[in-house]
Amino acid sequence: MGSKLWSGRFTKSTHRWVEEFNASIAFDQVLAEVDIQGSLAHVAMLGKCGILAPEEVSQIRRGLERILARVQAGTCTFSVEQEDIHMNIEKMLTDEIGPVGGKLHTGRSRNDQVALDMHLYIRMQTVEMVRLLYELNQVLLMQAERQIDTILPGYTHLQRAQPVRLSHHLLAYVSMFERDMERLMDSYKRVNLCPLGAGAIAGTTFPIDREWVAAQLGFADIYDNSMDAVSDRDYLLEFLSMASIIMVHLSRLAEELILWCSDEFNFVELDDAFCTGSSMMPQKKNPDIPELIRGKTGRVFGHLVGLLTTLKALPLTYNKDLQEDKEGVFDTIATLTGCLKLMAPMLETMKVNQKQMRQSAEQGFANATDLADYLVDKGLPFRQAHEVVGRLVLHCIQERKGLLDCTLAEYQSFSGLIEEDIYDRLSCEQVVEARQSAGGTAKAQVLSSLSKKKDKAAKIRYWLDDICQLYATKTP
Ligand code: ARG
């Protein structure tokens with residue numbers, strides 16, 4: 001029966017199907033390092049508060065450090081019999097240093113321990129996600145700078161609407177990813193709270209020092225309610241929500257790349273390194289990577305809905321249901337990491353077909369609004385101008401030509417207000433340059449937005465550097 005850490009109260013061993021079903025070691029072993037990090041801080045606190053003798057503390061510390069080295073070397077074997085990462089490590093510790101290892105868990109429960117591990121882990125991953133988004137934005141900014149004079153059609157309803165600078169288009173994504181980073185950075189303060197010391201639910205009878213252990217682990221504060229500390233999973237919901245929004249953004253970008261590299265658009269060519277061939281059709285070069293990014297969005301949304309459902313109506317405090325918080329979160333981290341890591345070099349190496357973009361921008365009456373605006377400048381109310389241009393466009397469609405192909409006489413048969421200067425006004429360049437309003441697509445606007453975004457990126461860089469330094473000094 002015997003080797004379970006909690007076997008004292010039991011007269012029978014667990015059913016052979018229970019062990020496997022109940023265990024989380026298959027997936028929570030990724031927490032091994034943070035679990036040991038938490039235990040090292042906990043045992044240091046037990047020593048500092050006089051709960052354990054100095055000799056006991058150093059024995060436990062040395063034992064944990066040896067196990068940590070084995071974890072880092074990848075030479076640990078975990079057992080399903082020990083159920084989860086916490087008990088696996090505690091068992092390894094007692095095997096390593098004898099019964100004194102059993103003193104580590106004084107004043108602690110697995111309930112506050114697992115909450116601590118997840119906080120440490122998500123805190124680290126929050127920073128990592130900001131770093132990956134920062135890298136992606138660096139690539140987008142580089143391309144935006146490079147493509148400042150490239151003009152392509154901007155779309156609404158996936159119909160050509162108005163010509164825009166490619167930089168402008170790319171900077172729209174930079175804005176989305178900036179918001180994603182800001183959300184992560186804001187959530188950091190809610191992740192950066194220490195649940196340790198909440199015990200199983202109500203606190204502990206030992207004279208522990210929660211603030212001290214929290215500071216050792218670099219936390220800004222402690223949970224102020226022990227019941228909330230062991231049952232709160234909001235920070236995971238928040239992480240999954242943010243991840244879902246990031247995936248929305250990535251999937252939109254991926255979709256555009258897929259469209260743009262089709263023969264129908266022919267706006268970009270993805271580097272061979274990010275495409276694959278077909279097993280049957282020799283001519284094919286498929287955009288698998290953006291397709292997969294688009295496709296993987298589904299599982300991340302699924303994990304969010306999964307955890308929301310697990311938490312719904314769950315009574316306080318810890319319930320074993322909460323063990324179900326992990327796989328979805330870990331898979332989300334792996335998925336997001338993969339998508340962000342690939343999106344950046346794919347955009348960096350993509351070839352832009354400037355000629356084709358330009359040609360496309362010149363077709364499809366993308367300058368029609370400008371003709372209407374021209375008539376408004378001449379005093380015609382916008383509604384009437386809209387009507388006149390609508391009729392002129394219809395005429396051009398029937399004649400199979402663009403607005404710029406009309407003769408002045410043709411123009412004037414629709415409105416006497418149109419003069420020779422119309423040809424300049426409707427050229428692609430002019431149409432783009434005329435949009436000087438704040439946040440518009442004129443070159444000066446785009447350049448100013450580019451430089452603001454670089455400043456913002458620099459601020460985020462400081463935040464990242466600061467946090468990394470904090471870890472370097474605080475990690476026990
Ligand atoms: N493996 C568990 C989890 O992930 C650890 C906490 C177990 N606590 C308990 N009282 N059984 O949630």
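When a ligand or atom number is given, it counts from 1 through the structure's own listing order.
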Next on the checklist: Looking only at the side chains, is there a donor atom on one of Ser39 and Arg108 sitting less than 3.5 Å from an acceptor on the other?
Outcome noted: yes

Next on the checklist: The criterion is side chain to side chain donor-acceptor pair (under 3.5 Å); which residues satisfy it with Ser175, sequence neighbours excluded?
Outcome noted: Lys453

Checklist entry - Of all the non-hydrogen atoms in the protein, which one sits nearest to atom 10 (N) of ligand 1, and at what distance? => result Asn111 OD1, 3.0 Å

Checklist outcome for this item: Under 4.0 Å from one or more heavy atoms of His86, ligand 1 contributes atoms 5 (C)

Item to check | Salt bridge Arg179-Glu182, side-chain N to carboxylate O under 4.0 Å | outcome: no

Checklist entry - Honestly, is Arg123 close enough over Phe219, meaning NZ or CZ under 6.0 Å from the six-membered ring centre and within 45° of the axis? => result yes

Next on the checklist: Using a 4.0 Å cutoff against the non-hydrogen atoms of Ser24, which atoms of ligand 1 qualify?
Outcome noted: 1 (N)

Item to check | Element-labelled atoms of ligand 1 that are located less than 4.0 Å from some non-hydrogen atom of Gln323 | outcome: 1 (N), 2 (C), 3 (C), 4 (O), 12 (O)

Next on the checklist: Within ligand 1, which atoms have a heavy atom of Lys326 less than 4.0 Å away?
Outcome noted: 3 (C), 4 (O), 12 (O)

Next on the checklist: Among all the protein's non-hydrogen atoms, which is closest to atom 12 (O) of ligand 1, and how far away is it?
Outcome noted: Tyr318 OH, 2.4 Å

Checklist entry - Counting both backbone and side chain atoms, is some N or O of Asp84 under 3.5 Å from an N or O of ligand 1? => result yes

Checklist entry - Strictly under 4.0 Å, does any heavy atom of Gln113 approach an atom of ligand 1? => result no

Item to check | Shortest protein contact, atom 11 (N) of ligand 1 (heavy atom only) | outcome: Arg110 NH2, 3.4 Å

Item to check | Qualifying residues under side chain to side chain donor-acceptor pair (under 3.5 Å), relative to Tyr121, sequence neighbours excluded | outcome: none

Next on the checklist: Assess whether a salt bridge exists between Arg131 and Glu135, defined as any Lys/Arg side-chain N lying under 4.0 Å from an Asp/Glu carboxylate O.
Outcome noted: yes

Next on the checklist: Yes or no: does Glu83 have any heavy atom under 4.0 Å from an atom of ligand 1?
Outcome noted: no

Checklist outcome for this item: Distance col, row Gln138:CD vs Glu348:CD, nearest 0.5 angstrom, shows 10.5 Å

